[in-house]
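One-based numbering, in listed order, for ligands and for the atoms of each.
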Amino acid sequence: MGFRQFPAGFTWGAATASYQIEGAFAEDGKGESIWDRFSHAPGHVAGGDTGDVACDHYHRYREDVAILAALGLNAYRFSVSWPRVFPSGTGYVNAAGLDFYERLVDELLAQGIAPHVTLYHWDLPQSLQDAGGWPARATTQAFAEYAGVVAQRLGDRVTHIATINEPYVVSDHGYRRGVHAPGATDPAAALSTAHHLLVAHGLALQAIRAAAPRVAAGIVLNLDALHPASGHLLDLEAAIVAHDQVNRWFLDPIVGRGYPEDGARAWGWTRGEVLDGDMALIASPIDFLGVNYYSHRYVRSPGLPPLEPAPGAGDERTGLGWAVYPAGLTEVLQFVTSRTGELPLYVTENGAAYDVDPRDPTADPDRVRFLRRHLEAALDAIEGGVPLRGYLAWSLLDNFEWALGYGPRFGLVHVDYATLERRVRDSGRFLGSVARSGRLPDTEGQLVPGGAAR
Ligand code: FCB
């Protein structure tokens with residue numbers, strides 16, 4: 001029986017996003033978002049689910065903050081709903097929307113929990129989408145206006161503000177593959193979206209710095225551990241292209257390296273939307289980078305026949321079929337550090353969905369094991385020199401998993417969607433016990449001694 005120690009002062013938290021938990025989709029002056037529009041139209045979300053009520057966090061945030069406090073977590077990552085603050089995207093500011101986030105932040109601070117704010121976790125005001133959405137450059141100015149207003153109001157109390165969550169997923173799922181709002185399938189629009197998200201990030205950084213000079217400002221990127229499916233040269237090349245398009249596309253411009261060449265060539269991108277000064281703006285200094293890591297993937301060249309058996313066929317998988325690959329977390333953190341050096345990093349999302357045990361929805365041994373192994377991988381990175389400052393699990397609560405609706409459950413806390421009752425899972429207690437002690441046990445068996453924490 002042994003333990004490994006996390007550095008003193010490590011940040012421990014859980015993450016959520018506005019549309020996935022808040023509900024109250026048309027309350028207190030909130031405007032329509034692209035996710036309201038998308039989920040209300042048939043055929044977009046499994047089971048016709050919507051975020052209209054979700055976890056009703058808008059009304060139950062005090063209970064949720066109390067859960068975070070009871071677990072012993074010292075940070076909470078949440079996102080602000082842009083259309084709650086700017087119902088029509090720009091211009092008129094809805095005071096009631098800002099008031100909600102102020103109440104939430106004050107409640108967190110009263111419990112000693114550091115608020116980590118994300119400004120854009122995918123709920124674009126529908127009116128901005130109607131005016132062209134992210135492919136339209138004007139959306140970047142609207143975002144900067146919004147960032148400045150939120151930073152002005154909350155910047156004296158929140159510790160971290162991230163501009164955008166997972167720009168890759170916004171451009172790819174929202175505009176290239178059409179599986180997320182606004183449901184576009186337009187490769188050119190996806191490329192201009194990607195660039196405009198980074199321009200918006202740069203403009204928002206300026207607005208945040210002006211309104212709240214002491215806040216740590218950054219961005220959150222999703223990274224995958226991508227590996228060639230074989231040693232074949234074409235697989236190596238395919239993996240490099242995928243690595244460019246997923247892992248380097250946003251990171252490299254942010255650190256001043258510009259867009260990666262092979263990925264750009266493979267997309268046939270002509271860079272028409274890149275204006276003078278954009279690349280310098282995008283490379284404005286940040287104070288931290290958030291890394292979301294879930295899984296790894298083998299990349300096979302489209303020109304080669306499928307491999308039998310497919311590589312990774314025997315991998316352990318989560319309930320959603322995502323391969324469980326803890327070493328990939330160490331790998332992506334080391335990769336990011338190769339670009340960012342001493343810049344503080346946070347794991348801003350990591351977690352897994354598993355089927356609920358009908359006898360006891362709070363028993364989640366698979367998730368406990370998933371977390372423990374990924375925390376081990378995080379420690380490996382730290383011990384190898386990665387300046388990792390915190391780990392925030394996805395997610396505090398079971399919630400609306402985008403196009404998959406309420407089926408997948410990622411929560412440290414089980415939510416009964418009929419009653420909205422919250423019940424802490426073993427994984428929540430586990431993460432809390434590691435957070436409180438700073439010590440990671442070698443085996444799951446040590447986590448919940450004698451089952452007492454259940
Ligand atoms: C990430 C999203 C988050 C959640 C997890 C499972 O890509 O940022 O909102 O859906 O995946």
Side-chain angles (χ1 to χ4, degrees), residues 13-23 33-35 38-39 44-46 49-51 54-55 57 76-82 116-124 162-177 179-181 193-194 197 201 218-226 246-247 249-251 289-297 317-325 328-329 332 346-355 364 366-367 370-371 374 391-413 415 427:
T16 63
S18 47
Y19 190 72
Q20 294 180 276
I21 65 163
E22 284 181 359
S33 82
I34 56 172
W35 270 97
F38 189 74
S39 68
H44 289 146
V45 178
D49 290 346
T50 74
C55 306
H57 170 79
Y76 176 52
R77 173 174 178 245
F78 63 94
S79 79
V80 172
S81 159
W82 184 351
H116 287 231
V117 176
T118 301
L119 292 173
Y120 188 71
H121 202 128
W122 308 354
D123 39 4
L124 184 73
T163 54
I164 299 200
N165 179 69
E166 299 189 350
Y168 174 80
V169 175
V170 175
S171 60
D172 181 77
H173 290 35
Y175 290 87
R176 183 178 291 109
R177 298 206 277 130
V179 293
H180 280 184
T193 290
L197 287 166
H201 159 75
I219 187 168
V220 172
L221 305 179
N222 57 295
L223 285 100
D224 290 342
L226 296 171
V246 179
N247 294 331
W249 197 262
F250 300 92
L251 179 61
L289 191 93
V291 172
N292 293 353
Y293 172 75
Y294 286 94
S295 192
H296 82 145
R297 188 152 59 81
R317 299 200 174 254
T318 71
L320 275 180
W322 300 1
V324 177
Y325 189 71
L329 177 58
V332 299
Y346 290 83
V347 172
T348 33
E349 289 182 26
N350 174 239
Y354 287 104
D355 291 348
D364 58 346
D366 293 332
R367 187 176 292 102
F370 182 99
L371 292 179
H374 284 79
Y391 176 95
L392 296 97
W394 184 269
S395 178
L396 176 64
L397 304 169
D398 289 339
N399 61 45
F400 176 83
E401 180 47 34
W402 308 113
L404 304 177
Y406 293 100
R409 289 175 178 267
F410 277 90
L412 302 174
V413 175
V415 177
S427 55

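A donor and an acceptor atom, one from each side chain of N222 and N247, are nowhere located under 3.5 Å apart. If you check the side chains of T118 and R77, you find a donor sitting under 3.5 Å from an acceptor.
Taking the six-membered ring for Trp and the full ring otherwise, the centers of H173 and W122 sit at least 6.0 Å from each other.
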Between ligand 1 and the protein, which N/O pairs are shorter than 3.5 Å?
unit_1   : atom_1 : unit_2 : atom_2 : d
ligand 1 : 7 (O)  : E166   : OE1    : 2.5
ligand 1 : 7 (O)  : E166   : OE2    : 3.0
ligand 1 : 8 (O)  : H121   : NE2    : 3.2
ligand 1 : 8 (O)  : N165   : ND2    : 3.0
ligand 1 : 8 (O)  : E166   : OE1    : 3.4
ligand 1 : 8 (O)  : E166   : OE2    : 3.4
ligand 1 : 8 (O)  : E349   : OE1    : 3.1
ligand 1 : 8 (O)  : E349   : OE2    : 3.0
ligand 1 : 9 (O)  : Q20    : OE1    : 2.8
ligand 1 : 9 (O)  : H121   : NE2    : 2.8
ligand 1 : 9 (O)  : W402   : NE1    : 3.0
ligand 1 : 10 (O) : Q20    : NE2    : 3.4
ligand 1 : 10 (O) : E401   : OE1    : 2.8
ligand 1 : 10 (O) : E401   : OE2    : 3.1
ligand 1 : 10 (O) : W402   : NE1    : 2.9

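Qualifying salt bridge (Lys or Arg N to Asp or Glu O under 4.0 Å) partners for D49, counting only residues two or more places apart in sequence or in other chains: none. Qualifying ring pair (Phe, Tyr, Trp, His ring centres under 6.0 Å) partners for H116, counting only residues two or more places apart in sequence or in other chains: H160, Y346. When the salt bridge (Lys or Arg N to Asp or Glu O under 4.0 Å) test is applied to D398, the partners found at least two apart in sequence or on another chain are R409, R425.
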